[in-house]
Chemist: 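Would you mind keeping the following structure in view while I ask a few things?
As a basis for the values below, the full set of heavy atoms in this structure was taken, side chains included, without hydrogen atoms, waters or symmetry mates.
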Amino acid sequence: MEPYTVEAPVLAIVIPCYNESEALPQSAPVLLSLLERMCGEGLIQNESYLLCVNDGSRDDTWNVICRMHESDKRVKGITLAHNRGHQYALLSGLMTVIDRCDAAISIDADLQDDPEAMVKMVEDYRMGKEVVYGVRSSRQTDTFFKRTTAHAFYGFQKKMGLETVYDHADYRLMSNRALKLLSGYGESNMFLRGLVPQIGLDSSVVTYERGVRVAGESKYPLSKMLALSIDGITSFSAKPMRWIFYTGLLSLLATLCVAVYVLVAYFGSRPVSPGWASIMLSIWGIGSLVLMSVGIVGEYIGKIFVEVKHRPRYAIKDMVW
């Protein structure tokens, strides 16, 4: 291995938590043990720590974080005033540690993302990489439905012009400089998987096998996955609105063809069938296109409405440090 070019960092592991009272008591000791091991190997500084972000959980998550902090001061915690969603919870954690670490790694509390990949992430950081993406090597543990929809998710994003890392969620290392550059992005509609690649610093990829949850249930059902996909696309691409224009153009061409047919039939003394079924299908088809188009435009207008108000993206209710 080449000699390191960057000193051992103070590492912050940021863990967004929503109703993770079952998972945290199992995942935190694993991460603390990993921190201790990396400290012993000289990869990171002894001041490294965990930051658990309670995203307005409805269970005992915050009390669990406080108890862990009392028994081990390496466990820090913040709790948000309201449930703001995974992206905002993660952002609040990263912005909290921005002046308290040299590098930060974000990982979910369920530990489906292999913690051992952090070792290679830190090694890459010390070799000069400022963003290190954790990427799944396969999706064998996923159901067929989730695997298919996930691939469709990334494929559709690419067609929409969105720059993301394939099979990467939010498991990544960011240097302090990367965090400070991220803090300059002030939009309210957060999609970190699209924002981080735009920072443009030197990056690398670490692959790992994704496992099963240590406890609890998934916090990302299909509805949330769809909402995240829509947020990502509409936050970074105007292509859907351009597609509305193209759809309208195709509809106009189809209308002109039908008009030519009707005129030829009329002047050729050929009766034109009343065509009740075809008329009804046309009305429903065009009506559906209009409603869909209005919905897409409305999604963008809604985002503009949220952005122009410049409201705080999150509020920290309490902190244990």
Side-chain angles (χ1 to χ4, degrees), residues 1-6 8-9 11-16 30-31 34-35 37-38 41 43-44 48 86-87 90-91 93-94 97 101-108 110-142 146-182 185 190-212 220 225 228-229 232-233 236:
M1 180 183 293
E2 298 179 12
Y4 293 129
T5 59
V6 179
L11 180 68
I13 299 178
V14 179
I15 312 166
V30 173
L31 295 173
L34 181 60
L35 280 182
R37 197 178 86 212
M38 287 194 288
E41 295 173 355
L43 279 176
I44 60 176
S48 300
H86 182 271
Q87 297 292 284
L90 179 52
L91 179 71
L94 294 175
V97 304
C101 71
D102 300 311
I105 294 178
S106 54
I107 187 171
D108 289 341
D110 56 24
L111 293 194
Q112 284 188 277
D113 299 316
D114 185 8
E116 290 296 326
M118 292 185 188
V119 177
K120 184 64 169 64
M121 288 182 178
V122 173
E123 289 176 347
D124 281 10
Y125 163 79
R126 296 194 61 187
M127 294 301 297
K129 302 300 181 183
E130 302 214 51
V131 180
V132 184
Y133 299 100
V135 175
R136 300 178 61 170
S137 56
S138 69
R139 286 186 171 268
Q140 297 303 316
T141 57
D142 286 349
K146 187 169 184 179
R147 184 164 57 248
T148 303
T149 53
H151 287 162
F153 169 77
Y154 288 108
F156 188 59
Q157 284 185 337
K158 186 176 181 179
K159 289 183 181 298
M160 291 291 99
L162 184 58
E163 182 186 355
T164 56
V165 179
Y166 198 80
D167 274 343
H168 162 72
D170 286 299
Y171 186 25
R172 69 179 76 87
L173 177 147
M174 299 182 69
S175 70
N176 184 265
R177 183 162 76 128
L179 291 174
K180 287 181 177 177
L181 289 173
L182 177 64
Y185 290 80
M190 295 301 301
F191 185 65
L192 292 173
R193 300 179 201 182
L195 279 179
V196 175
Q198 289 195 355
I199 293 175
L201 300 178
D202 288 344
S203 64
S204 64
V205 167
V206 172
T207 58
Y208 63 93
E209 288 287 341
R210 188 171 170 86
V212 296
Y220 257 91
M225 288 178 63
L228 182 65
S229 179
I233 292 167
F236 288 89

Chemist: Measuring from atom NE2 of His168 to atom CZ of Arg136, what distance do you get when rounded to the nearest 0.5 angstrom?
Modeler: 12.5 Å
Chemist: When you look at Val132 and Val122, which way does the side-chain contact (heavy atoms from CB on, under 4.5 Å) test go after all the steps?
Modeler: CA-CA 8 Å; Val132 184; Val122 173; over 6 Å; no
Chemist: Stepwise, does the side-chain contact (heavy atoms from CB on, under 4.5 Å) test hold for Val119 with Arg37?
Modeler: CA-CA 10 Å; Val119 177; Arg37 197 178 86 212; 3.7 Å; yes
Chemist: Does Ser137 use its side chain to pair, donor to acceptor, with the backbone of Tyr208 at less than 3.5 Å?
Modeler: yes
Chemist: Say you draw a straight line from CD1 of Ile44 to SG of Cys101; how long is it, rounded to the nearest 0.5 Å?
Modeler: 11.5 Å
Chemist: Hey, what do you get for CG (Leu195) to CD (Gln87), rounding to the nearest 0.5 Å?
Modeler: 8.5 Å
Chemist: Minimum heavy-atom separation for Ile107 and Pro115, please, with both atom names.
Modeler: CD1-CA, 4.4 Å
Chemist: Out of Thr5, Leu173, Val131, which one pairs with Tyr125 under the side chain to side chain contact (heavy atoms under 4.5 Å, CB included) rule?
Modeler: Leu173
Chemist: Would you say the side chain of Leu31 lies within less than 4.5 Å of the side chain of Met118, judging by non-hydrogen atoms?
Modeler: yes
Chemist: To the nearest 0.5 Å, tell me how far Leu179 CG sits from Leu91 CG.
Modeler: 10.0 Å
Chemist: Under a 4.0 Å N-O cut-off, is there an ion pair linking Arg210 with Asp113?
Modeler: yes
Chemist: I need the Leu35 CG to Ile13 CD1 distance, nearest 0.5 Å.
Modeler: 4.0 Å
Chemist: Looking at Arg126 and Asp124, does any basic side-chain N land under 4.0 Å from a carboxylate oxygen?
Modeler: no
Chemist: Could you tell me which non-hydrogen atom of Gly93 sits nearest to which non-hydrogen atom of Val14, and how far apart they are?
Modeler: CA-CG1, 3.8 Å
Chemist: Can you find a heavy atom in the side chain of Arg193 that is under 4.5 Å from one in the side chain of Arg172?
Modeler: yes
Chemist: Between Ser106 (side chain) and Asp170 (backbone), is there a donor-acceptor pair under 3.5 Å?
Modeler: yes
Chemist: When rounded to the nearest 0.5 angstrom, what distance separates OG in Ser175 from NZ in Lys129?
Modeler: 12.0 Å
Chemist: Side chains of Leu43 and Tyr4: does their closest heavy-atom pair fall under 4.5 Å?
Modeler: yes
Chemist: Using side-chain heavy atoms (C-beta onward) and a distance below 4.5 Å, is Ile199 in contact with Glu130?
Modeler: no
Chemist: Does the Asp114 side chain pair with the main chain of Glu116, one donor and one acceptor, at a distance under 3.5 Å?
Modeler: yes
